[in-house]
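We number each residue from 1, following the sequence as shown.
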Amino acid sequence: MNLVTLATLAASILAGIPSPAAAQGMVGGRVVSTTPGFRYEGPLPAIQYLDIADDAGLAFRHVAASPARKDYIIETTGSGVALLDFDQDGLLDIFFVNGSRWDEDPSRAELSNRLFRNLGGLRFGDVTAPAGLIRGGWGQGACVGDYDNDGYPDLLVTSYGPDTLYRNLGDGSFEDVTEAAGLTVRDRRWSAGCAFIDYDRDGLLDLALANYLEFDRATVPKPGENELCEYLGRPVVCGPRGLPGGTNALYRQVSPGEFADVSAESGFNEPSGYYCFSVLPGDFDGDGWTDVYIACDSSPSILFRNNQDGTFTDEGLLSGTALNADGKEQGGMGADAGDFDGDGRMDIVKTNFDADIPSLYRNEGNGLFSELAIDAGLGVNTHFVGWGVAFLDIDHDGRQDVFMTNGHVYPEVDKLGGKSRFRQSKNVYWNTGQGGFIDVSARSGPGITETNSGRGAAFGDLDNDGDIEIVINNLDVAPSLLVNRAAKSNWLQVRLRGVTSNRDGLGSVVRLRTGPLDLVREARSGGSFLSSNDARLHFGLGDNGHVDRIEVRWPTGRTEIYGPAAANREITLVEGRGSLASEEDH
């Protein structure tokens, strides 16, 4: 990125207008897009997202104190959503985390988290009570993982207050095993994002937690009480700046069902005092061991490198993933990893606060990244507050696109007269395959252009037709369920079954080869914003009707070859049933 580009971007951000770093227009029925890093001229995909949440029976409304007025920061951050097949009937179910109201009984039904069972045909029924999941409080996030390796997905829910580990009993219900598992915390910690990981590769899932900040309603300043409680001259909620930051935590599963706090001895609690939101596991340096990226608000983001000896080292600054291209802290919210440029390495996308742009960190190898948001076309909007995010192949052309859900934190922003609004539309950035993205949000259907103050977002195939649906937990209102009705190309979904590794295969890297395409995905828990996605790995295959081969590097380090396979179906790959890869296979 050159100095002219940086100066232009800075001026546009200060003025609150879209950056001219990228230009886009229609010429002869074809789109022409030019950025400092690439030029694209060609057709655009057909995308038609509709919001079918009402018809699907998702009778849920998120609660976070008053919708019209926010007095404390915890009323603004919203909650996550998790996708899991809790009853193992082959259909993904939906779990919504809920917030709360002050001075009300948290056991009230409307304040509870909610589980909706997938009835088929994109219809859902509320089974929260029979599943044993009635629970109120200031819920934040959720992550999914089969920590006891019994074939049924378990669930961890984070909160301001006690977190809860629910063990899936396999009979349609869950049991709160937090205390028995050694996860009870006595202080009122504000846990945010979480992820199940097998960081020591022993076949037992461990647990990584991001903690946002220290919050005490009795001592937090009121809106407008000091300069840190104002936004563009108007009184607003205080924080995060001015409030003590949190300390992240790591729990190792030391024996089946028993966890031990290893935050200090592993180095996972340093640095502390940052405002951390979302946990994103991934093998970012390609050494076969799971690292952890944590998106942080108003402080540097963290990239924990796994040292392969039970410890982690923060290499956020050294790797180039802690700050933006100017070396500035950002208001990081959500994050995801994917191979947007097809080089086989995991890149990172991060959503940020208003008057800024998203972050796109391209993995250059050897643990180093380059920040390419402007050059790759993600710097065209500066008036969104981004939250849930994913790399996903929307049109099945084999390239990973980017989806973001947005919404401001201050209801007062509607009175300022600028471009920013409290309720915001979503962003869809289509991957051109030429090193950059095109913003196609305005032509991607009413499900994208309709406005909400969106927060957590989860991504998965809810009707098993090969398309990825998007579920959004919107602040203070009903959720969104987005379905893309446009025609798409071929696809394949891969389910992993670990044997020596953890049963979910979390931490596995899957490489698929079909025709000219060489595609890579990672199996992970967590990511997006405080949410958990479909555990299956989705591959768009373009015009290719079959897959030539699939290579899986399991968390143990063993690499196996599977395939060939026909397209447009789901397959299950079991550890130990493939052919052992040789050096010639790589």
Subject >> Validation row: L475, F422 side chains within 4.5 angstrom (heavy atoms) >> reply: yes
**OP:** Can you measure from CD (E110) to CZ (F60) and round to the nearest 0.5 angstrom?
**Re:** 10.5 Å
Original post:
Given side chains that start at C-beta, do those of S532 and L155 come closer than 4.5 Å, heavy atoms only?
Top reply: no
**OP:** May I have the step-by-step check of side chain to side chain contact (heavy atoms under 4.5 Å, CB included) for M333 and F353, ending in yes or no?
**Re:** CA-CA 8 Å; M333 310 297 188; F353 195 70; 3.8 Å; yes
Original post:
Judged by modelled atom types alone, do S79 and N473 share a side-chain donor-acceptor pair under 3.5 Å?
Top reply: no
Subject >> Min side-chain heavy-atom separation D393-D401 under 4.5 Å >> reply: yes
Subject >> Which atom of L517 lies closest to which atom of G542, heavy atoms considered >> reply: CD1-N, 4.5 Å
**OP:** Please state whether the rings of F340 and F391 are parallel, tilted or perpendicular, taking 30° and 60° as the class boundaries.
**Re:** parallel
Original post:
Okay, side chain of Y293, backbone of F284: is any donor-acceptor separation there less than 3.5 Å?
Top reply: no
**OP:** Describe, in one word, how the ring planes of H538 and H396 are oriented to each other, choosing from parallel (under 30°), tilted (30 to 60°) and perpendicular (over 60°).
**Re:** tilted
**OP:** Taking the side chain as every heavy atom from C-beta outward, state whether N381 and K419 have any atom pair closer than 4.5 Å.
**Re:** no
Original post:
Do you know the tightest heavy-atom contact between P479 and A53?
Top reply: O-CB, 3.3 Å
Original post:
Under 3.5 Å, is there a donor-acceptor pair linking the side chains of R135 and T164?
Top reply: yes
Subject >> Atom pair CZ (R167) and OG (S173), whose distance is rounded to the nearest 0.5 Å >> reply: 10.0 Å
Original post:
Is there side-chain contact between I94 and L115, with heavy atoms separated by less than 4.5 Å?
Top reply: no
**OP:** Check D461, L537, N568, I571 against Q493 for a side-chain contact (heavy atoms from CB on, under 4.5 Å) and give me the one that passes.
**Re:** D461
Subject >> Among F529, F459, Y429, ring pair (Phe, Tyr, Trp, His ring centres under 6.0 Å) partner for F403 >> reply: F459
**OP:** Using distance alone, with no hydrogens and no angle criterion, decide if S453 and R455 have a side-chain donor and acceptor under 3.5 Å apart.
**Re:** yes
Original post:
Okay, side chain of Q330, backbone of D356: is any donor-acceptor separation there less than 3.5 Å?
Top reply: no
**OP:** May I have the step-by-step check of side chain to side chain contact (heavy atoms under 4.5 Å, CB included) for L573 and E560, ending in yes or no?
**Re:** CA-CA 10 Å; L573 304 181; E560 295 179 313; over 6 Å; no
Original post:
Rounded to the nearest 0.5 Å, what separation is found between the CG atom of D341 and the CG atom of L372?
Top reply: 8.5 Å
Subject >> Non-hydrogen side-chain atoms of M346 and V520 separated by less than 4.5 Å >> reply: yes
Subject >> S525 OG to D146 CG distance, which is reported to the nearest 0.5 Å >> reply: 11.5 Å
Subject >> Side-chain donor/acceptor of N464 to backbone N/O of G90, under 3.5 Å >> reply: yes
**OP:** Any chance you could lay out the side chain to side chain contact (heavy atoms under 4.5 Å, CB included) test for R521 and V494, step after step, and finish with the verdict?
**Re:** CA-CA 10 Å; R521 305 284 187 268; V494 174; over 6 Å; no
Original post:
Is a side-chain N or O of T432 found less than 3.5 angstrom from the main chain of G436, in a donor-acceptor match?
Top reply: yes
Original post:
Would a distance-only check, ignoring hydrogens and angles, find a side-chain to backbone donor-acceptor pair under 3.5 Å from E570 to R495?
Top reply: no
**OP:** Would you name the heavy atoms of L83 and G460 that are closest together and state the gap between them?
**Re:** CD1-N, 3.6 Å
**OP:** Apply the test side chain to side chain contact (heavy atoms under 4.5 Å, CB included) to residues V349 and M404: give CA-CA distance (whole Å), side-chain angles for both, the deciding distance (0.1 Å), then the verdict.
**Re:** CA-CA 10 Å; V349 63; M404 300 177 183; 3.9 Å; yes
Subject >> Steps toward side chain to side chain donor-acceptor pair (under 3.5 Å) verdict (S480, N474) >> reply: CA-CA 7 Å; S480 299; N474 297 309; 3.0 Å; yes
Original post:
Is there a side chain to side chain donor-acceptor pair (under 3.5 Å) between D548 and H546 once you walk through the steps?
Top reply: CA-CA 7 Å; D548 301 315; H546 72 282; 2.9 Å; yes
**OP:** From the options L519, L492, I561, select the one residue that forms a side-chain contact (heavy atoms from CB on, under 4.5 Å) with I550.
**Re:** L492
Original post:
Do any N or O atoms from the side chain of R443 and from the backbone of P45 form a donor-acceptor pair under 3.5 angstrom?
Top reply: yes
Subject >> Aromatic plane relationship, Y147 with F196 - under 30° parallel, 30 to 60° tilted, over 60° perpendicular >> reply: parallel
Original post:
Are the side chains of V389 and K350 in touch, meaning some heavy atoms are under 4.5 Å apart?
Top reply: no
Subject >> Check: S359/N352 side-chain N/O donor and acceptor closer than 3.5 Å >> reply: yes
Subject >> Distance-only polar pair, side chains of N406 and W387, donor-acceptor under 3.5 Å >> reply: no
**OP:** Taking only Lys NZ, Arg NE, NH1 and NH2, and the carboxylate oxygens of Asp or Glu, determine whether E551 and R553 approach each other closer than 4.0 Å.
**Re:** no
Subject >> Flag, side chain of Q140 to backbone of L530, donor-acceptor distance under 3.5 Å >> reply: no
Original post:
Considering all heavy atoms of both residues, which atom of V477 and which atom of N452 are nearest to each other, and what is their separation?
Top reply: CG2-OD1, 3.5 Å
Original post:
Is the backbone of S528 close enough, under 3.5 Å, to the side chain of D336 for a donor and an acceptor to pair up by distance?
Top reply: no
**OP:** First locate atom CG of L91, then atom CG of L462, and finally report the distance between them rounded to the nearest 0.5 Å.
**Re:** 9.0 Å
**OP:** Enter the distance from E450:CD to Y49:OH here, rounded to the nearest 0.5 Å.
**Re:** 13.5 Å
**OP:** Look at atom CG of D54 and say whether more than 12 heavy atoms of other residues, nucleotides or ligands are closer to it than 6.0 Å.
**Re:** no
Subject >> Atom CG of D543: over 12 foreign heavy atoms under 6.0 Å >> reply: no
Subject >> Flag side-chain contact, heavy atom, 4.5 Å: C194 against V279 >> reply: no
Subject >> Side-chain donor-acceptor pair present, S370, E364, cut-off under 3.5 Å >> reply: yes
Subject >> Closest heavy-atom pair and its distance - N490, A567 >> reply: CB-CB, 4.2 Å
Original post:
Is it true that a side-chain atom of N168 and a backbone atom of F86 form a donor plus acceptor pair closer than 3.5 Å?
Top reply: yes
Original post:
Is a donor on one side and an acceptor on the other found under 3.5 Å between the side chain of T449 and the backbone of A442?
Top reply: no
**OP:** Considering non-hydrogen atoms only, spot the tightest contact between D354 and H383 and give its length.
**Re:** OD1-CA, 3.2 Å
